[in-house]
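Scroll down for the structure; my scribbles are underneath it.
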Amino acid sequence: MLEIGVFWNVGQKMGTRKEDISLFLARLVCESFAIAWLPLADGLPRQTMPHLHAIFPLPSNSKPFQHSNILSSSSSSFSSSGPTRRRLPRTFSPSKHPNLKRLTSRIVQLTRRRQLHQILEEIENAKREYGKLNTIVMNAVMEACVHCGDVDLALNIFHQMTEPHSCGVDTVTYATLLRGLGRARRIDDAFQLLESVEKGTAAGKPKLSTQLIYGLLDALIEAGDLRRANGLLARFGFLLREGGSSSILTYNLLMKGCINTGCPQAAINLHEEIQLLGLEPDRLTYNTLIFACVKAENLEAAMRFFKEMKDKAQRLCCSDLYPDVITYTTLLMGFGHAKDLHSVQKIVLEMKSCHDLFIDRTAFTAMVDAMLNCGSIKGALCIFGEILKQAGANVDLRPKPHLYLSMMRAFADWGDYNMVKNLHERLWPDSAGTISLAAQQEADHLLMESALNNGQIDAAVENLTKIINRWKCISWTSRGGMVALRIEVLLGFNKSMLSPYLLPQVLPGNPIERIMLPLETVRPLPGSLELKKVVMRLYREPVVPIIDDWGICIGLLHREDCCEMNAPLSAMMRSPPPCVTTTTSIGHVVDLVLKKKYKMVIVVKHSNLNGTTHGSRAVGVFTAEQLHNLVAPVPEGLKQKHTVRRSLTMF
């Protein structure tokens, strides 16, 4: 208090205003008692600092505190420059948790683009900035790993989350990991994880819930593995039963699995079981049933379910049962494949008559595809023009490259070179999304085809030359390859522009079973076997098929993937293996081997396939080495004499 009195007397002798002296002393008292000082701006009410008013009452006619220093005056001061203010060392109060919503949204966006490396980089930057991240963010990272197919990285992140002083795990974490293990065909690991949750020994002590079961069940059904899906229901189905019977969601998933395995009629038959159990079908149930009918080419049954769906929604006044855009799109696909133009036009008219139905880009595309399948080019053009018109006000309706290619295919068949050329030019500036290399290549091929069908041989040769210089290769079983071969026939061997590889020993249209190797000759290995017991086998052979205990081929083990001697072969194999049926043409299999760089393709019986390759017993294989033995060089008399800048490889 002695210092306060001294400053008061000195300030009065120097002619400083009392209000300024009070301000300075108030600041001094605040700093002495470690009270936070907040400079007041002009116009701030005096009631905001009542503690200062209590210490030093201000005159009634005084103004609020000015942001100034009393010791720096134009008339007099203690020094030529104002003294440095005394400040206490800055101390941080316990900070609030950082807002990580923006980071989570960023991870979701990058996940859709499959930019996993960018996600990991931004996560490391966020850890350096914020320290420990919360469970929501790390769950989003795990979802990104599962979406991108890197289940090993998802397991590493899971183990990091379970470490002490980490963010921890929850039910969403386990559901995401189970779904990833199911997609990666690591069913044993998934069941072990579920059993640890059931026993209560899992990290985080999550409860065994329907969310975990449905996550793994959906992954198994997506992969078409109904055998293991039924095993999961038999083991943990008690959690999914409501009132003693399975829920409608379980049946929806089972119907989806039947469709994925190529048995749509089995999905339709489940409707009777749903009725017997007294379950109420929802919109997803009807949409799945209609899709099964379309797959089974039973459009009458599809329309019965469609009518039942609308009648039930009107009777119960339930808006959640009315057909949605998915329902109409599925029907358009069915009637388009059946080439029923009248039904397609009727559905399109009904869609436009529904005021509560928003027709999105996918629905517009389905309309155009259905019109094109029915041969109605004018109808497709009308809808395509409507899309472009509405896209001016709504960018989300801008057509995807797929729609441009569909239109180009139709006009290429007609030989309308000018229309295909216009669509080819507008593909880049007017389409939405990424234009893949395959789409770009097909667009160039369609431009060449339209010129040839229009009789413009010179334009077709010019486009073929551009394709040679740009793409370097072309599949001889593709649509563009057939056009290139037609041009070759017109030009003759003396003016050949291609350098094809010949397969004189086989016919491309013959089934692959004529030249495949029986499975017994390649001696498949059981997946439970350790690598150290068969290491010399992998030294001699670049790839070996792997089978399970039931004799089903579950993957291929490549020499370059063998990295751990004590590990089982199933842990290092690539699964599922590429499979074809015995009736698949040799040309298609050759195209598959060359395009995908497969070293071996598994051949299964057509009767065992049922729309999927998983769970089918293999009967033979076709290897890249066999293909190399079948290839013969072009005879000297047929070699090209007319050359261009680069040769085009036909495979």
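Hydrogens, waters and symmetry mates are skipped; everything else that's a heavy atom, side chains included, is used. Predicted model only: the values in this text are computed from it and were never measured. Sequential numbering from 1 along the given sequence is applied to the chain's residues.
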Is the number of heavy atoms from other residues, nucleotides or ligands under 6.0 Å of [X] [atom1] greater than 12?
X: Ile136; atom1: CD1; result: no
X: Asp356; atom1: CG; result: no
X: Glu530; atom1: CD; result: yes

Quick one: [atom1] on [X] to [atom2] on [Y], what's the gap to the nearest 0.5 Å?
X: Ile157; Y: Cys145; atom1: CD1; atom2: SG; answer: 3.5 Å
X: Leu299; Y: His337; atom1: CG; atom2: NE2; answer: 10.5 Å
X: Lys310; Y: Thr327; atom1: NZ; atom2: OG1; answer: 10.5 Å
X: Gln192; Y: Asp188; atom1: CD; atom2: CG; answer: 6.5 Å
X: Leu217; Y: Ile221; atom1: CG; atom2: CD1; answer: 4.0 Å

**Request:** Could you note down all residue pairs passing ring pair (Phe, Tyr, Trp, His ring centres under 6.0 Å) where residues 540-577 supplies at least one of them, sequence neighbours left out?
**Result:**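 As it turns out, there is no ring pair (Phe, Tyr, Trp, His ring centres under 6.0 Å) pair with a partner in residues 540-577 once direct neighbours are skipped.
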**Request:** Scan for ring pair (Phe, Tyr, Trp, His ring centres under 6.0 Å) pairs involving residues 268-292, sequence neighbours excluded, and state none if there are none.
**Result:**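 Residue pairs passing ring pair (Phe, Tyr, Trp, His ring centres under 6.0 Å), neighbours aside: His271-Phe305.
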Give me the atom names and distance for the closest heavy-atom approach of [X] to [Y].
X: Pro577; Y: Leu556; value: CB-CG, 3.9 Å
X: Ile602; Y: Pro545; value: CD1-CB, 4.3 Å
X: Leu178; Y: Ala190; value: CD2-O, 3.5 Å
X: Asp320; Y: Arg283; value: O-NE, 3.1 Å
X: Cys562; Y: Met572; value: CA-SD, 3.9 Å
X: Val151; Y: Ala184; value: CG1-CB, 3.8 Å

Donor-acceptor under 3.5 Å ([X] side chain, [Y] main chain):
X: Gln626; Y: Met516; result: no
X: Gln275; Y: Glu272; result: no
X: Arg179; Y: Gly215; result: no
X: Lys205; Y: Gly200; result: yes
X: Ser166; Y: Thr162; result: no
X: Arg361; Y: Pro399; result: no
X: Ser406; Y: Asp369; result: no
X: Arg398; Y: Ser431; result: yes
X: Arg114; Y: His147; result: yes

Residue pair [X] / [Y], side-chain heavy-atom distance below 4.5 Å:
X: Glu308; Y: Pro281; result: no
X: Leu153; Y: Leu120; result: yes
X: Leu594; Y: Leu627; result: yes
X: Thr250; Y: Leu233; result: yes
X: Leu133; Y: Lys127; result: yes
X: Lys312; Y: Glu280; result: yes
X: Leu569; Y: Pro526; result: no
X: Ile213; Y: Thr210; result: no

**Asked** Does the side chain of Thr365 come under 3.5 Å of the side chain of Thr362 through a donor N or O and an acceptor N or O?
**Response**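 No donor-acceptor contact under 3.5 Å links the two side chains.
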**Request:** Would you sort out whether Leu216 and Leu232 count as a side chain to side chain contact (heavy atoms under 4.5 Å, CB included), showing the intermediate values?
**Result:** CA-CA 8 Å; Leu216 180 57; Leu232 177 66; 3.9 Å; yes
**Message:** Before you tell me yes or no, could you show the steps for Ile359 and Leu397 under side chain to side chain contact (heavy atoms under 4.5 Å, CB included), namely the whole-Å CA-CA distance, both residues' side-chain angles and the distance that decides it to 0.1 Å?
**Reply:** CA-CA 9 Å; Ile359 304 178; Leu397 291 178; over 6 Å; no
**Request:** Pick out which of Asn287, Thr288, Asp282 makes a side chain to side chain donor-acceptor pair (under 3.5 Å) with Thr285.
**Result:**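 When Asn287, Thr288, Asp282 are each tested with Thr285, the side chain to side chain donor-acceptor pair (under 3.5 Å) holds only for Asp282.
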**Item:** Test: Glu541 and Arg537 ion pair at under 4.0 Å
**Value:**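 Between Arg537 and Glu541 there is a salt bridge, with a charged N closer than 4.0 Å to a carboxylate O.
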**Message:** Could you check whether Arg315 pairs with Asp311 (Lys NZ or Arg NE/NH1/NH2 to Asp/Glu carboxylate O, under 4.0 Å)?
**Reply:**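 Salt bridge flag = no for Asp311 with Arg315.
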**Request:** With side chain to side chain contact (heavy atoms under 4.5 Å, CB included) as the test, would you mind laying out the steps for Val621 and Leu519 before giving the verdict?
**Result:** CA-CA 6 Å; Val621 299; Leu519 186 65; 4.1 Å; yes
Could you give the side-chain donor-acceptor pairs of residues 167-177 under 3.5 Å, partners two or more places apart or in another chain?
residue: Asp170; atom: OD1; partner: Asn139; partner atom: ND2; Å: 3.1
residue: Asp170; atom: OD1; partner: Val172; partner atom: N; Å: 3.3
residue: Asp170; atom: OD1; partner: Thr173; partner atom: N; Å: 3.0
residue: Asp170; atom: OD1; partner: Thr173; partner atom: OG1; Å: 2.7
residue: Asp170; atom: OD2; partner: Asn139; partner atom: ND2; Å: 3.4
residue: Thr173; atom: OG1; partner: Asn139; partner atom: OD1; Å: 2.5
residue: Thr173; atom: OG1; partner: Asp170; partner atom: N; Å: 3.2
residue: Tyr174; atom: OH; partner: Ala203; partner atom: N; Å: 3.1
residue: Tyr174; atom: OH; partner: Ala203; partner atom: O; Å: 2.5
residue: Thr176; atom: OG1; partner: Val172; partner atom: O; Å: 2.8

**Request:** Dump the intermediate steps for side chain to side chain contact (heavy atoms under 4.5 Å, CB included) on Ile274 and Ile248, then the final yes or no.
**Result:** CA-CA 8 Å; Ile274 292 174; Ile248 191 65; 3.9 Å; yes
